[in-house]
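One structure below.
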Amino acid sequence: MKIISAIHYMIFTAALFSGSGWSQPVNAASQKLVLTGASTIAPLAAEIGRRFESQHSGTRIDVQTGGSARGINDARNGTADIGMVSRPLKPQEQDLQAHTIAWDGVGIILHASNPVAALSRQQIADIYTGKIDNWKIVGGRDAPITVVNKAEGRSTLELFLAYFQLKNSDIRPHVIIGDNAQGIKTVAGNSNAVGYVSIGAAEYEAGHGVPIKLLPLDGIAATVANVRNGTFPLSRPLNLVTRASPEGLSREFIDFTRSKQVYDLVEAQYFVPVSIR
């Protein structure tokens with residue numbers, strides 16, 4: 001009888017908890033951080049996330065792209081714990097807090113076979129506004145220029161427009177791309193294309209056999225080394241953004257992204273660690 005009563009009690013208890021909607025979590029220590037935003041930062045954040053997960057059992061770092069504008073919006077409305085924004089915060093975004101995890105530059109890329117070795121700031125502006133539409137005008141072969149531009153909401157676009165003092169409505173693009181990978185793939189597949197992407201991403205891909213090359217800007221070579229020493233004119237912080245001072249897991253992860261424990265991952269992505277620059 002005692003055995004039967006004990007069994008009945010266990011069944012009753014299980015039914016009670018089930019009916020009340022209570023259930024024992026599969027892993028009580030399980031935690032998750034969601035990061036969304038800049039495609040420039042996403043691969044680095046994912047690599048750092050994997051290392052963080054390996055040191056924090058039961059923790060998952062979910063990294064999603066969508067552009068810096070998404071990172072801002074998602075951090076603001078709480079859709080994401082942390083936004084990824086590959087530029088400084090704007091005056092109207094000062095309700096958010098930025099945490100710089102690395103530095104990068106934005107560079108002009110051509111196909112590796114293109115004989116043009118340099119373009120002036122005015123020539124680049126004229127190419128993107130359609131005033132120069134053939135490579136022979138700037139010392140290249142007789143071929144029409146394919147202009148590759150970034151989509152709205154991408155911080156790389158905003159930086160490019162600000163530097164060359166252009167409006168997006170001034171641009172006459174033939175191809176509109178989203179992330180750096182798309183831009184590099186487009187230029188690598190079209191010998192007459194011109195685009196602009198993360199220097200870190202471009203230098204990495206060129207070093208691994210992708211047929212692209214970076215052009216100097218204002219006479220300064222577009223290299224990670226020149227971003228590191230501060231001489232390249234178009235550089236930017238890579239930021240993680242939060243609605244308020246981060247706490248708990250968010251604070252721990254952001255501190256980890258800025259620590260020497262991940263400098264090798266930052267440099268493997270061809271970016272500059274925060275304390276080196």
Side-chain angles (χ1 to χ4, degrees), residues 33-49 61-109 128 147-164 166-171 173-188 193-202 204-205 212 227 234-243 246 250 253-254 257 266 269-271:
L33 277 182
V34 176
L35 285 72
T36 67
S39 61
T40 297
I41 301 174
L44 173 60
E47 287 296 322
I48 294 175
I61 307 299
D62 181 7
V63 179
Q64 305 170 23
T65 58
S68 290
R70 181 187 177 188
I72 292 289
N73 292 333
D74 287 359
R76 267 195 178 134
N77 63 32
T79 305
D81 300 291
I82 298 171
M84 299 178 292
V85 181
S86 53
R87 58 165 173 77
L89 291 181
K90 300 175 183 178
Q92 63 269 31
E93 296 166 346
Q94 296 306 310
D95 56 309
L96 300 173
Q97 292 193 16
H99 314 272
T100 301
I101 65 171
W103 287 85
D104 184 29
V106 175
I108 305 295
I109 58 170
Y128 269 83
V147 174
V148 181
N149 197 38
K150 284 271 192 173
E152 290 277 7
R154 302 284 174 168
S155 65
T156 315
L157 168 66
E158 296 177 19
L159 291 165
F160 177 86
L161 294 175
Y163 187 78
F164 291 99
L166 297 171
K167 298 178 181 178
N168 202 31
S169 58
D170 299 329
I171 306 298
H174 300 100
V175 180
I176 296 177
I177 53 93
D179 59 25
N180 291 308
Q182 286 180 304
I184 290 168
K185 183 178 180 180
T186 300
V187 174
V194 57
Y196 54 92
V197 297
S198 155
I199 288 177
Y204 176 86
E205 295 295 344
I212 59 169
V227 173
L234 189 48
S235 61
R236 58 181 174 175
L238 303 184
N239 289 320
L240 300 183
V241 300
T242 54
R243 278 192 298 181
S250 292
F253 179 72
I254 289 172
T257 66
V266 174
Q269 294 282 338
Y270 283 58
F271 297 132

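The main-chain N or O of Gly178 is found under 3.5 Å from a side-chain atom of Lys150 such that the two form a donor-acceptor pair. Side chain of Glu93 to backbone of Leu89: no donor-acceptor contact under 3.5 angstrom is found. When atom types are taken as modelled, the side chain of Asn149 and the backbone of Pro173 share no donor-acceptor pair closer than 3.5 angstrom. Proximity of a side-chain donor or acceptor of Ser86 to a complementary backbone N or O of Ser155 within less than 3.5 Å is not detected.
Between Val266 and Trp103, every side-chain heavy-atom pair lies at or beyond the 4.5 Å cut-off. Contact check for Phe160 versus Leu234: no side-chain heavy atoms found under the 4.5 Å cut-off. No side-chain heavy atom of Gln64 sits less than 4.5 Å from a side-chain heavy atom of Met84. Counting heavy atoms from C-beta on, the side chains of Ile101 and Leu44 come closer than 4.5 Å. Contact check for Ile171 versus Leu161: side-chain heavy atoms found under the 4.5 Å cut-off. Between Ile41 and Val63 there is no side-chain heavy-atom pair separated by less than 4.5 Å. Residues Tyr270 and Ser198 fail the side-chain proximity criterion, which asks for heavy atoms closer than 4.5 Å.
Closest heavy-atom contact between Arg76 and Leu96: CG-CD2, 3.8 Å. Residue Phe271 comes nearest to Ala102 through the heavy atom pair CB-CB, 4.0 Å, listed as atom of the first residue, atom of the second, then distance. Between Pro246 and Gln97 the shortest heavy-atom distance is CD-OE1, 4.3 Å. In terms of heavy-atom proximity, Val187 sits nearest to Gly195 at CG2-N, 3.9 Å. The two atoms that bring Val148 and Ala193 nearest to each other are CG2-CB, 4.1 Å, heavy atoms only. Across every non-hydrogen atom of Asn180 and Ala201, the tightest pair is CB-CB, 4.2 Å.
Atom OG1 of Thr40 is separated from atom CD1 of Ile199 by 11.5 Å, given to the nearest 0.5 angstrom. Considering CG of Asn168 and CD of Glu152, their distance stands at 4.5 Å, rounded to 0.5 Å. The line from OG of Ser68 to CG of Leu159 is 8.5 Å long, rounded to the nearest 0.5 Å. Rounding to the nearest 0.5 Å places CD1 of Ile254 at 10.5 Å from CG of Asn239. Rounded to the nearest 0.5 angstrom, Leu33 CG and Asp81 CG are separated by 5.0 Å. Taking CD1 from Ile48 and CG from Leu35, the interatomic distance works out to 10.0 Å, rounded to the nearest 0.5 Å.
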*Decide yes or no on side chain to side chain contact (heavy atoms under 4.5 Å, CB included) for Thr79 and Thr36, but give the supporting numbers first.*
CA-CA 9 Å; Thr79 305; Thr36 67; 5.9 Å; no
*asked:* Could you walk me through whether Asp179 and Thr65 satisfy the side chain to side chain contact (heavy atoms under 4.5 Å, CB included) test, starting with their C-alpha distance in whole Å, then the side-chain angles of each, then the deciding distance to 0.1 Å, before giving a yes or no?
replied: CA-CA 9 Å; Asp179 59 25; Thr65 58; 5.7 Å; no
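Under a cut-off of 6.0 angstrom, the local environment of OH in Tyr204 is sparse, with at most 12 non-hydrogen atoms contributed by other residues, nucleotides or ligands.
Under the salt bridge (charged side-chain N to carboxylate O under 4.0 Å, His left out) criterion, Glu158 pairs with Arg87, Lys90, sequence neighbours left out. Evaluation of the side chain to side chain donor-acceptor pair (under 3.5 Å) rule for Thr242 yields His99 as partners, not counting sequence neighbours. In this structure, the side chain to side chain donor-acceptor pair (under 3.5 Å) partners of Thr156, at least two apart in sequence or on a different chain, are Arg236. Qualifying side-chain contact (heavy atoms from CB on, under 4.5 Å) partners for Ala69, counting only residues two or more places apart in sequence or in other chains: none. By the salt bridge (charged side-chain N to carboxylate O under 4.0 Å, His left out) test, Arg70 pairs with Asp74, sequence neighbours left out. Partners of Tyr163 according to the side chain to side chain donor-acceptor pair (under 3.5 Å) rule, which considers only residues two or more places apart in sequence or in another chain, are Arg121, Asp218.
Here the two rings, on Tyr196 and Tyr128, have centers that are under 6.0 Å apart.
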